[in-house]
Amino acid sequence: MKATTIDEYWFWLCNIDGIGSKKADRLIKRFGNPEVIYRAGAKELSLAEGITEQDIHNIKESRKTGILKEKYEYMNRKAIQFIHRESELFPRQLKEMTDCPYGLFVKGNAKRLTQGETNGMVSVVGARNSSSYGNHIAEQMGFELAVHGVTVISGMARGIDASAHWGAVHAKGQTIAVLGCGADICYPRENINLYEAILEHGVIISEYPCQTPPTAWQFPMRNRIISGLAEGIRIKKGKSERNKKRFPIPYTLRKHFFCNLIALFSAELLKIIQ
């Protein structure tokens, strides 16, 4: 298999070993589009800022017919779809980011990525080593948001993230899990039931190619996607990111305050999407 269409050129670029979003960005700035990069010789590639001899070797290797075909067929076997910046299904919010990923690997119905734009999308994130109280609040929050038609976004990590996803799942609402590894990998493995349940009404996405194992540096990178997808609101204990509206949840939150909190979310969402 050789790249011959714009979708295949983008797929190729997003699957080159050692070429992450930053180096891909430098290549695009130099050559303009992935087709030109695909056809560029070693000398031309060496003129791109930050591209090493090893990178050039990896680019040349990635053009081999069997390698690209193998990755494409593996992705299809895992029921994963690839979408890129120029795809109609690529989320509008991510396109507005200065460090927007060039492609996303989507497990589940990719149309759900844009369906959530109608009623708003909220990211719910927090500590992995959270208390049972914190998990309860996160799950209740995910449930109430999903019941009101809001898409719940998180990272499927243990603790607050997983609890928020479970709340949306129990409400049969939409939820998006953004992974710091390939979309074909359930991490942590203990969340395999959640991984499968999310696919019933939501999607699992990653900017990393299939079979990419989880490594520490990839998780801060995926966090920008969790933040970027949120429709103007970010829920997090701690520092606000990307000028998102945030609602840190106090430890002493009581149940009778929860409905007022949801009402506040709804009011803020209406301001944003109207």
Side-chain angles (χ1 to χ4, degrees), residues 1-97 99-114 176 178-185 199 203-213 218 221-222 225 228-229:
M1 172 184 173
K2 289 186 177 181
T4 57
T5 67
I6 188 62
D7 290 345
E8 290 169 354
Y9 287 124
W10 280 114
F11 177 78
W12 165 76
L13 180 63
C14 293
N15 275 276
I16 304 172
D17 291 342
I19 303 296
S21 58
K22 290 183 179 179
K23 288 189 176 181
D25 193 49
R26 291 168 182 168
L27 288 166
I28 290 295
K29 285 179 179 178
R30 176 74 188 183
F31 296 100
N33 65 68
E35 181 178 358
V36 179
I37 301 169
Y38 187 84
R39 301 183 185 282
K43 185 176 181 179
E44 294 172 291
L45 291 168
S46 68
L47 298 176
E49 181 186 356
I51 300 302
T52 66
E53 287 296 323
Q54 183 62 51
D55 294 330
I56 294 172
H57 172 77
N58 290 345
I59 291 171
K60 291 168 67 177
E61 285 293 306
S62 69
R63 293 170 179 158
K64 292 182 177 179
T65 303
I67 294 176
L68 190 61
K69 181 181 179 181
E70 182 181 344
K71 290 184 176 183
Y72 194 79
E73 290 180 348
Y74 177 87
M75 180 183 73
N76 286 337
R77 288 198 303 272
K78 294 296 181 178
I80 292 172
Q81 180 179 353
F82 174 75
I83 59 174
H84 53 82
R85 284 187 184 184
E86 298 178 11
S87 302
E88 291 184 3
L89 295 175
F90 199 86
R92 169 185 54 79
Q93 303 97 304
L94 294 187
K95 291 180 181 180
E96 297 170 357
M97 293 167 52
D99 52 356
C100 170
Y102 282 98
L104 292 174
F105 296 84
V106 184
K107 190 168 180 64
N109 188 345
K111 291 182 179 179
R112 291 171 180 162
L113 282 173
T114 52
I176 299 172
V178 186
L179 304 188
C181 55
D184 58 319
I185 298 173
L199 296 175
V203 291
I204 293 169
I205 68 173
S206 176
E207 69 176 311
Y208 301 110
C210 295
Q211 298 180 289
T212 301
Q218 291 166 183
M221 290 295 290
R222 73 87 191 262
I225 298 177
L229 280 171

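Every value quoted in this text rests on a predicted model; they were computed, and no experiment measured them.
Phe90 has its side chain within reach of Cys100: a pair of non-hydrogen atoms, C-beta onward, lies under 4.5 Å apart. Arg112 places a side-chain heavy atom less than 4.5 Å from the side chain of Asn109. Ile37 is listed as a side-chain neighbour of Leu13, based on a closest heavy-atom distance under 4.5 Å. Val203 is not listed as a side-chain neighbour of Leu199, based on a closest heavy-atom distance of 4.5 Å or more. Side-chain contact between Asp7 and Glu86 is absent, with no heavy atoms from C-beta onward closer than 4.5 Å. Tyr102 places a side-chain heavy atom less than 4.5 Å from the side chain of Ile28. Looking only at side-chain heavy atoms (C-beta outward), Ile204 and Ile80 stay at 4.5 Å or farther from each other. Side-chain contact check for Asp99 versus Asp25: every heavy-atom pair is 4.5 Å or farther apart.
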### Audit row: Glu35, Ile6, side chain to side chain contact (heavy atoms under 4.5 Å, CB included) steps and yes/no
CA-CA 7 Å; Glu35 181 178 358; Ile6 188 62; 5.6 Å; no
### Query
How far apart are the C-alpha atoms of Arg92 and Thr114, what are their side-chain angles, what is the distance that settles it, and do they pass the side chain to side chain contact (heavy atoms under 4.5 Å, CB included) test?
CA-CA 8 Å; Arg92 169 185 54 79; Thr114 52; over 6 Å; no
### Task
Could you check Tyr9 against Arg39 for side-chain hydrogen bond (donor to acceptor under 3.5 Å, both in side chains), going step by step and ending with a plain yes or no?
CA-CA 10 Å; Tyr9 287 124; Arg39 301 183 185 282; 2.8 Å; yes
### Query
What do the steps show when you test Ile51 against Ser46 for side chain to side chain contact (heavy atoms under 4.5 Å, CB included), and what is the final call?
CA-CA 6 Å; Ile51 300 302; Ser46 68; over 6 Å; no
### Asp184/Lys71 under salt bridge (charged side-chain N to carboxylate O under 4.0 Å, His left out): CA gap, chis, key distance, verdict
CA-CA 12 Å; Asp184 58 319; Lys71 290 184 176 183; over 6 Å; no
### Stepwise side chain to side chain contact (heavy atoms under 4.5 Å, CB included) test for Ile176 and Leu113
CA-CA 8 Å; Ile176 299 172; Leu113 282 173; 3.9 Å; yes
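Without hydrogens or angle criteria, Arg222 side chain to Val178 main chain gives a donor-acceptor distance under 3.5 Å. Judged by distance alone, the side chain of Ser206 and the main-chain N or O of Tyr208 form a donor-acceptor pair under 3.5 Å.
Comment: Asp55 engages Lys23 in a salt bridge, judged by a side-chain N to carboxylate O separation of less than 4.0 angstrom.
Considering every non-hydrogen atom in both Ala183 and Phe105, the closest pair reads CB-O, 3.8 Å. Across Glu207 and Ser21, no two heavy atoms sit closer than the pair OE1-CB, 4.0 Å. Contact between Leu45 and Arg63 at its shortest, heavy atoms only, is CD1-NH2, 3.9 Å. Nearest heavy atom pair, residue Trp12 against residue Ser62, reads NE1-OG, 2.8 Å. For Lys107 against Lys78, the heavy-atom pair with the smallest separation is NZ-O, 2.5 Å. In terms of heavy-atom proximity, Asn15 sits nearest to Phe11 at ND2-O, 2.7 Å.
Aromatic ring pairs are classed by plane angle as parallel below 30°, tilted from 30° to 60° and perpendicular above 60°; the pair Trp10 and His84 is parallel.
Atom-to-atom distance recorded for Thr212:OG1 and Ile185:CD1 is 6.5 Å, nearest 0.5 angstrom. Note: Gln211 CD to Met75 CE = 12.0 Å, rounded to the nearest 0.5 Å. Atom CD1 in Ile56 sits 12.0 Å away from atom NZ in Lys43 (nearest 0.5 Å). Taking CG of Leu68 as the start and CD of Glu61 as the end, the distance is 13.0 Å to the nearest 0.5 Å. Here Phe82 contributes atom CZ and Asn76 contributes atom CG; the two are 12.5 Å apart, rounded to the nearest 0.5 Å.
In this structure Glu88 satisfies the salt bridge (Lys or Arg N to Asp or Glu O under 4.0 Å) test with no other residue, sequence neighbours excluded. For Glu44, there are no salt bridge (Lys or Arg N to Asp or Glu O under 4.0 Å) partners, not counting sequence neighbours.
Counted within 6.0 Å of NZ on Lys95, heavy atoms from surrounding residues, nucleotides or ligands total more than 12; the atom is thus considered enclosed. The number of heavy-atom neighbours closer than 6.0 Å to CD of Glu96, taken from other residues, nucleotides and ligands shown, is above 12.
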